[in-house]
Amino acid sequence: MPTLATVIAFCVTLFNMIKIRLWPRILPLIQPQRLFTAFMIYGTSKTATNKNNGKKPILKKSIKTSIPIGSASLKRSFSTKTPSAKNNVNTNDNINNGNNNTSNNVIFQDKFMDDVFWNLSTQGPAFSVNPSNIDFIQEPNDFYNHLIDGIKRATKRITFASLYLGTGKQEIQMVKELEEACMRNPELKVHILLDGLRGTRLGLVDGVKQSSATLLLNLYKQYPNQVEISLYHTPDLNGILKKVLPPRVNETIGVNHIKTYLFDDDLLLSGANLSKDYFTNRQDRYVWIRATKSVSNYFNKIVEIIGSFSLKLSEDGQAVLPPKSVDPVTASNEFKSYAYRKLANLLKANQFYDNNGQCHSSPHDITQDVNDCTWIFPTIQMGPFDIRQDEVVTSFIFSQIPKDSKFFITSPYFNLTPNYLDLILSGKPQLDIITCSPEANGFHGAKGISSAIPDCYSLIEKSFLQKVQDSGNNQRIKVQEYIRKDWTYHGKGLWITAQKGQIPAITLIGSPNFGSRSVEKDLEAQIVLLTQNKSLQTKMDNERKYLWSDTRDANLDSFNQPERKVSLFVKIIVYLFGNYL
């Protein structure tokens, strides 16, 4: 008769066999990241978001990008390299033909920055900008004030893209400002793109059911010739899932996550949504790009294209499919192909725009003082349509940062994709990371099962620190946690210095995180900003320092404290679903 130890050993072996052999085959079919998130959310009706050394990693699957001539429309195909290694992006296959930094072609004096510039130019258009027109906002209330001021000043166009619009007093005031702007300027065009699932989800406000759509309905009804409300619906929510998943849970399948706010030729790009938390005590990042027609036109076009295949708010308050449109629910594959074709037209390689929106075939055709040299590369990531520009660009940058540069990353939900993790652990530069403390997690204090989410991310953070130690990167990679009384944290992006530089010369800022949801399920957009202008570099550094000012050091010893202990339930969830949170 087998002993208890033998039975336990057998069960452990069987469980590991299931996880190693069977689990990877089941995962693509059941979409565990979505099921897990739905499971975590379904148990509660209220979250707390309103409280508010140089070795190349072994590749299992190598992401190959197909870049048609004259276009950087990125699609991914997989080729299996080994049966046991991790999912990875082969950046040498993705970006390998943009190195033009001969003595006659140099744009940036720093070789690393120049390499980045030329390689990124093979992935999409580049925009020359005046560095004095760029500022970084620090506080949420300033973010709100910039939105209101932008609405009041705009005379030609206002274009918003966000996950949702809240229904509180500040949001109501914003809609009133939009109504007054339309009344003052009959030529003004207003386009607001929201996620169709989140934007139509009803909640009680003073005893009345309200949503983003209901709040905007009066604006649309008053000015139907000036206002357009687009409601994106993911094509991945179809069939039985569309019928059975209730509101809130259905949002786990995929959403519009782009956050861009445009007023004439001024652009405010952020990771922040349009709701009270993001206007008061939810720290995010925000870049304000003024009087830059070319970049504003580009982001306006992104929103316009997504809006063209989105549902529309009708005068009876319904989200309706426009005539002759492809239905994302009943014709999801056709919808994905259509969306890909439309968006891929944006990603034209080796196109260089001046500030007036004129396109040039060479950056040398654009006059710019060498000390002011500043360029913006917009990137988009739209996994449902197999557009992976941001993933390719981010992977390339991670793989190329030299040892004598400094590297900084921020992510509120720090759970790197296997590819990003391998690139970071095999990198060379000094790296500082800021992420949420459990107290600053948006789900801290939530009711029901959702209350476990901060502990899940805490355990993932501990696992990352263990990998840092095991790979011998203790002295190179440091982690800090954002902690500020009664505040939550939502900032994401990165900063990089030039070689031997002391302050950032490159930053990525926008909506993407570095996890699988951003890469696979949601619609994302951000910019890569490169500059030699010392004043702008100082602004970038001041923004970074501001975020780091409310942090504490995190190390493996931190997780031995009683308050950092996690339950067996959390450990099981992270063990099974950790890569998909």
Side-chain angles (χ1 to χ4, degrees), residues 125-162 165 170-171 173-182 184-185 187-193 226-228 258-274 278-279 284-307 346 353-358 368 372 374-380 493 507-511 525-529 531 533 535-536 539-540 543:
F127 298 85
S128 173
V129 295
N130 184 342
S132 63
N133 288 342
I134 301 176
D135 286 297
F136 292 88
I137 302 168
Q138 293 184 342
E139 290 281 352
N141 63 315
D142 289 335
F143 168 57
Y144 180 75
N145 291 336
H146 274 74
L147 292 171
I148 297 299
D149 290 344
I151 293 171
K152 290 180 177 179
R153 289 195 315 270
T155 60
K156 298 177 182 178
R157 62 183 177 184
I158 296 174
T159 303
F160 285 2
S162 186
L165 172 69
Q170 289 167 296
E171 298 92 318
Q173 181 60 39
M174 181 180 295
V175 175
K176 288 181 179 178
E177 295 290 349
L178 287 168
E179 292 173 356
E180 292 177 7
C182 289
R184 286 193 306 268
N185 304 289
E187 301 302 316
L188 178 68
K189 298 297 183 181
V190 176
H191 185 190
I192 299 175
L193 167 68
Q226 292 178 253
V227 176
E228 179 181 7
I258 296 170
K259 287 74 178 274
T260 180
Y261 310 106
L262 192 152
F263 317 90
D264 293 340
D265 294 334
D266 298 338
L267 174 67
L268 179 51
L269 193 65
S270 180
N273 292 302
L274 298 172
Y278 295 91
F279 302 152
D284 215 303
R285 297 183 65 205
Y286 333 83
V287 61
W288 181 236
I289 307 170
R290 303 180 308 278
T292 307
K293 183 178 181 179
S294 56
V295 178
S296 296
N297 284 348
Y298 191 80
F299 275 92
N300 188 73
K301 190 66 175 178
I302 292 174
V303 177
E304 182 182 284
I305 290 175
I306 298 172
L346 286 171
Y353 288 85
D354 60 29
N355 193 43
N356 295 319
Q358 295 297 312
Q368 197 175 58
D372 289 335
T374 302
W375 288 83
I376 284 175
F377 290 89
T379 62
I380 58 176
T507 190
L508 272 65
I509 180 170
S511 67
Q526 67 176 338
I527 61 169
V528 183
L529 171 62
T531 185
N533 180 269
S535 176
L536 181 53
K539 291 177 184 178
M540 292 161 58
E543 184 222 12

For Leu536 and Pro131, which heavy atoms make the closest approach, and how far apart are they?
CD2-CB, 4.0 Å
Return the CZ to NE2 distance between Phe143 and His146, rounded to the nearest 0.5 Å.
10.5 Å
Distance from Ile380 atom CD1 to Ile258 atom CD1, nearest 0.5 Å?
7.5 Å
Stepwise side-chain contact (heavy atoms from CB on, under 4.5 Å) test for Leu267 and Thr292
CA-CA 8 Å; Leu267 174 67; Thr292 307; over 6 Å; no
Distance (rounded to the nearest 0.5 Å) between Ile158 CD1 and Leu178 CG
5.5 Å
Can you list the residues that meet the ring pair (Phe, Tyr, Trp, His ring centres under 6.0 Å) rule with Tyr353, with sequence neighbours excluded?
Phe127
Is it the case that Arg285 and Thr507 place a side-chain donor and acceptor less than 3.5 Å from each other?
yes
Rounded distance [0.5 Å steps], CD1 in Ile151 versus CD in Glu179
11.0 Å
Can you pull out every side chain to side chain donor-acceptor pair (under 3.5 Å) where at least one residue sits in residues 131-144? Sequence neighbours excluded, please.
Asn130-Ser132, Asp135-Arg290, Asp135-Lys539, Glu139-Tyr546
Donor-acceptor pair, side chain of Gln226 and main chain of Asn185, under 3.5 angstrom
yes
Do NZ/NE/NH1/NH2 and the carboxylate oxygens of Arg153 and Asp266 come within less than 4.0 Å?
yes
With heavy-atom distances below 4.5 Å as the criterion, would you say the side chains of Leu268 and Ile137 are in contact?
yes
Tell me, with the steps shown, if Val175 and Leu165 meet side-chain contact (heavy atoms from CB on, under 4.5 Å).
CA-CA 10 Å; Val175 175; Leu165 172 69; 3.9 Å; yes
Could you go step by step and tell me if Ile134 and Leu529 meet the side-chain contact (heavy atoms from CB on, under 4.5 Å) rule?
CA-CA 10 Å; Ile134 301 176; Leu529 171 62; 4.0 Å; yes
Which is it for Phe279 and Leu274 under the side-chain contact (heavy atoms from CB on, under 4.5 Å) test, yes or no, and what are the steps along the way?
CA-CA 8 Å; Phe279 302 152; Leu274 298 172; 4.2 Å; yes
Is the backbone of Arg157 close enough, under 3.5 Å, to the side chain of Asp264 for a donor and an acceptor to pair up by distance?
yes
Examine distances only and state if a side-chain atom of Ser294 and a backbone atom of Asn356 form a donor-acceptor pair shorter than 3.5 Å.
no
If the condition is side chain to side chain donor-acceptor pair (under 3.5 Å), which residues does Gln173 pass it with, not counting sequence neighbours?
Glu177
If I take atom CD1 from residue Ile527 and atom CD1 from residue Ile289, how far apart are they, to the nearest 0.5 angstrom?
4.0 Å
Measure across Gln526 and Gly510 and return the closest heavy-atom pair with its distance rounded to 0.1 Å.
CB-CA, 3.5 Å
Contact summary for Ser162 and Ala272, nearest pair of heavy atoms
OG-O, 4.5 Å
What pairs with Phe160 under ring pair (Phe, Tyr, Trp, His ring centres under 6.0 Å), at least two apart in sequence or on another chain?
Tyr261, Phe263
Tyr278: what forms a ring pair (Phe, Tyr, Trp, His ring centres under 6.0 Å) with it, not counting sequence neighbours?
His490
Is there a donor-acceptor contact under 3.5 Å from the side chain of Ser270 to the main chain of Tyr286?
no
Leu193 side, atom CG; Glu228 side, atom CD - distance, nearest 0.5 Å
9.5 Å
For Asp149, salt bridge (charged side-chain N to carboxylate O under 4.0 Å, His left out) partners two or more places apart:
none
Please find the pair of heavy atoms, one from Asn355 and one from Ala291, that lie closest to each other, and give the distance.
ND2-O, 3.3 Å
